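Structure first, commentary second.
Predicted model only: the values in this text are computed from it and were never measured. All values below come from the heavy atoms of this structure, side chains included, with hydrogens, waters and symmetry mates left out.
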Protein chains: 2
Amino acid sequence: MPLTLDQLNAASVAQATQLLDGLYEHSPWIAQAALAQRPFKSLAQLKLALVDVVRTAGLDPQLALIRAHPELAGKAMVSNTLTAESTNEQSKAGLTQCTPEEFAKIQQLNADYNAKFKFPFILAVRGPRGVGLGKAEIMATFERRLGNPVDFEVAECVRNIHRIAEIRLDDKFGVTPEQGNLVWDWAERLATHSDPGFAERGELTVTYLTDAHRAAAQRLSHWMRTDCGFDEVEIDAVGNLVGLYHGTDRSAKRLLTGSHYDTVRNGGKYDGRLGILVPMACVQALSRQGRRLPYGIEVVGFSEEEGQRYKAVFLGSSALTGQFDAQWLDQKDADGIAMRDAMQHAGLCVDDIAKLKRDAAKYLGFVEVHIEQGPVLNELDIPLGVVSSINGSVRYLGAITGMASHAGTTPMARRRDAAAGVAELILYAEQRARSEPDLVATVGMLEVPSGSINVVPGRCNFSLDVRATTNAVRDACAADIRAKLAEICERRRLGFGLEETMRAAAAPSDPALQAQWARAVETLGLPSTPMPSGAGHDAMKLHEIMPQAMLFVRGQNSGISHNPLESTTSNDMQLSVDAFALLLDQLAAVH
Amino acid sequence: MPLTLDQLNAASVAQATQLLDGLYEHSPWIAQAALAQRPFKSLAQLKLALVDVVRTAGLDPQLALIRAHPELAGKAMVSNTLTAESTNEQSKAGLTQCTPEEFAKIQQLNADYNAKFKFPFILAVRGPRGVGLGKAEIMATFERRLGNPVDFEVAECVRNIHRIAEIRLDDKFGVTPEQGNLVWDWAERLATHSDPGFAERGELTVTYLTDAHRAAAQRLSHWMRTDCGFDEVEIDAVGNLVGLYHGTDRSAKRLLTGSHYDTVRNGGKYDGRLGILVPMACVQALSRQGRRLPYGIEVVGFSEEEGQRYKAVFLGSSALTGQFDAQWLDQKDADGIAMRDAMQHAGLCVDDIAKLKRDAAKYLGFVEVHIEQGPVLNELDIPLGVVSSINGSVRYLGAITGMASHAGTTPMARRRDAAAGVAELILYAEQRARSEPDLVATVGMLEVPSGSINVVPGRCNFSLDVRATTNAVRDACAADIRAKLAEICERRRLGFGLEETMRAAAAPSDPALQAQWARAVETLGLPSTPMPSGAGHDAMKLHEIMPQAMLFVRGQNSGISHNPLESTTSNDMQLSVDAFALLLDQLAAVH
């Protein structure tokens, strides 16, 4: 019989510690300390309590916890001295059936890792969906993590230990994240469509109106209709996939939600797509219960957000806000194909784009679920984040020019070194952005063109990207950096050019919708600390015509995104489905 | 009748000022002040006294001097209100015969230049050989100088004003730098040979054993034999051109001198070649006088110093020091041609290379004349420099690795920005090298590979080049920079790699030979401030087996080298021929 929360909450400390035995390898003190937080209203809350015990224990107990774990496919496995839980997990990952070569490789990795970090490599081998990772994936992760700094690996090992404990806890409680797994499976299936040139390498790239892009829309529309029970599904004039689940009153306002299904080049499976699949899972649940809400739910899979094929971005959401610029139709892709022709080729009715503009009066607002694409939730060990604002951003391309001269013969005092000027700018931008919360400045592109080892740089090209929660904070920072650039170049006798290439206004969340997300997250037993979104999202466009608020889902691997390593767990996706369902109920109560 | 120094030295101040009238446009105060330094023992000393008056006068009189000059092909030329000297010069440069388009272009450049700098553009239009520059060259220089910073252009205008005064002074004194012009003409003629792919673009590139390289050696050998009167001339087994002018006693020790005749890609006409042509001019003078010194003079045109075609460098001088590594013969060029095959193709007797090793006991030592390849003499307004040491150098290629992450979503405190780490390193290297005299550190190559405007740099590649007068100073600086790199990466949680790719020991000049150069320069009425050589030279190799000392000749255009803008004047080359001839006489007196 699986354990229940009621049982756990009611048990004595000794009994309860026994009930949670085996969660953390040879470390019952964690469960014992966490039990002081009883009663738990959810498994998520219990998991967070366990995480907090380890987090507040400090470094030495964390290292002891890590060292209490066996090596992967190590001596303990060979000598059969693993805990029952570890034996089960390592065998599910196929580690007990290694070839001699694989075994030798893992032993080498173990030796290298131990030599560098002085503790064993910990990986939750049952992976983000709770099933075994492949041996190849395990070894790739092992090799990648060998390159990390020590403090990062301590944190990463502890995170993996918590993930192992989460799966063991689910097993104990007989719980499966069904909807999280559904979203996981949909995302995997959707990722089988990729553009030519990338698909062959197993990379995911889905750009506007390619065959893979149209196939993804087709597959989503099929799931909406057949699996989820949407009442109306269509692909609109810009390629947006729009699914409608009517409310009890078809003329009542609708809740608008969704995100984009295009990807960057060699991107991840969740960026954008999660925001389509999570509401689909909720509509499926409503439909299976035969339940209607007082308002309709309109789920949009935006066709384009990333600006990969054409220079214009937010093509899909711009159509909904009436800002689709007809001049964009003449833009050409790298193969010289005009956007208009690509749309014609896909059977889209270009002339109807203007009709896609939504009347804000007919909507409750726009909500969007999105993978965080950043490290905050991962580092805080919190699965969900409530977005307070989408940051405003401004981008520049610049160059400093000096005088290329002989590195051996030009005395330091007589140099006009363009790269040294940019170096000063980079450090100033970093320090300036650090001086305020929720402000970031990045020099992402940096190059001395045709630089030589023995030539003082005569030119250095760079980019600058500044983002902040408010336009005022962003603009003040950008102005300071521009002033510093001028000051540096004046002092160093350098020239410079700086061109603004992009500017997007900050989009603060609607307080009422943000409060609804916060309430939903708290109902799940989770904290609802507000956080800004550093990245731009479709919600940023919708913001211009209606209230909006976003929910972030924790990403694995430090929240890396725009990268194949982008990942989240089916448990976290389940929590986002749960939060979305609660939001729907809460809105039903007030509308 | 031309003026003589005796006349000038004997005249009253008023008379003398009158004698020097017209040297500086509307600015007799300069000559008047310089006359306080009489008597002058050479024209070079008088020129330097004039330069010192302007240098010590400060900025305002310098600006007034610049503004006392007419615009190039400006209103004054059109309205015939130029001084006689200016009219002569502007007309020799063809500026009085401009097409309407050229005239309009020059007016636009004048307007742009005046708007930026608030003073007129000054260029010595009679150029480095004292004949008129072409209109195309004038306009290219005009456009290039428009990009300079203000303080640099003030200095560059003043330098051009001194050059104009030098030519006017030579005219007054009826003096022509005959040997300087000879060297100039030889260098021009030699520069007509250039490798395929460069010759077509008018670029000078002469790499080891190409047709152009072999033609250059052939032409030099012809001049040595026929024009200069060398007794023996041969091309040796590594392609060095060796000319011998016997002394009175053929068994006496010889003075070894020379430099290289290969070039970098798209290089200058004087780098290396000056050190062959200057002693050739001296031998020509001796031979025409039928004069023999007590010692022989051996002039070597080294075949290879720059390391452009093959990875190995100093091929020519290495053969003379017995350090030619037979393994180098297997090195291949970009077309896959082995060095051995290239030598075979050129008819060189590879097996005899070992026999080229010189017996140091048979030589007085090695002296080398070289264009400075740096800005020091140019900025000090001194034509010649006595080298105290050839700097030791060490080079590295490195990379800092961090974590590529989203520029919008990664908070500043959580970043592992590889470029910011390198930025810190660049500024540290700059500050560390500035902390000691005669020490330079350069990060010449810098790149975030595949950097994106919206991605925190995960990797940044860089180079590091450190040079100093002594190995100890160089090594201490390099060690500090390496330690800083480790500290930066530790603090910023970054990884790094650093590979040493080159190391050359410092070569301090032989005190006795250096003193001989100093004495020769002082005899010319010039200061002999010692200066280090930042660049490596053939003398660096010869240093390993015999005493050596070098003489530097001022370069124009801030001393730029490894660049088609590399230049010097026939006056400065004449002074280097004069100094070399004095050195020969001085050595004759002691040997």
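Outside the 6.0 Å centre-distance limit, the rings of F314(A) and H537(A) are not counted as a close aromatic pair.
Interface remark: A418(B) contributes no atoms to any contact with chain A (heavy atom separation under 4.5 Å). Using a 4.5 Å cut-off between heavy atoms, L397(A) touches chain B through its side chain atoms alone. Contacts of M531(A) with chain B are absent, with no heavy-atom separation under 4.5 Å from either backbone or side chain. Y396(B) touches chain A through its backbone: at least one of N, CA, C or O sits under 4.5 Å from a heavy atom, while the side chain does not. Heavy-atom distances place both the backbone and the side chain of I453(B) under 4.5 Å from chain A.
For the pair R416(A) and F152(B), the distance from NZ or CZ to the six-membered ring centre is under 6.0 Å and the angle to the ring normal is within 45 degrees.
Contacts with chain B were tallied for A429(A), S463(A), S393(A); S463(A) has the most, counting heavy-atom pairs under 4.5 Å. Comparing V440(A), V455(A), I426(A) by heavy-atom pairs within less than 4.5 Å of chain B, the highest count is held by V440(A).
A salt bridge is defined here as a Lys NZ or Arg NE, NH1 or NH2 lying under 4.0 Å from an Asp or Glu carboxylate O, and E379(B) with R414(A) meets this definition. The existence of a salt bridge linking R395(B) and E499(B) is excluded, since no basic side-chain nitrogen approaches an acidic carboxylate oxygen closer than 4.0 Å.
Looking only at atom types and distance, the side chain of Q373(A) has a donor-acceptor partner in the side chain of D271(A) under 3.5 Å away.
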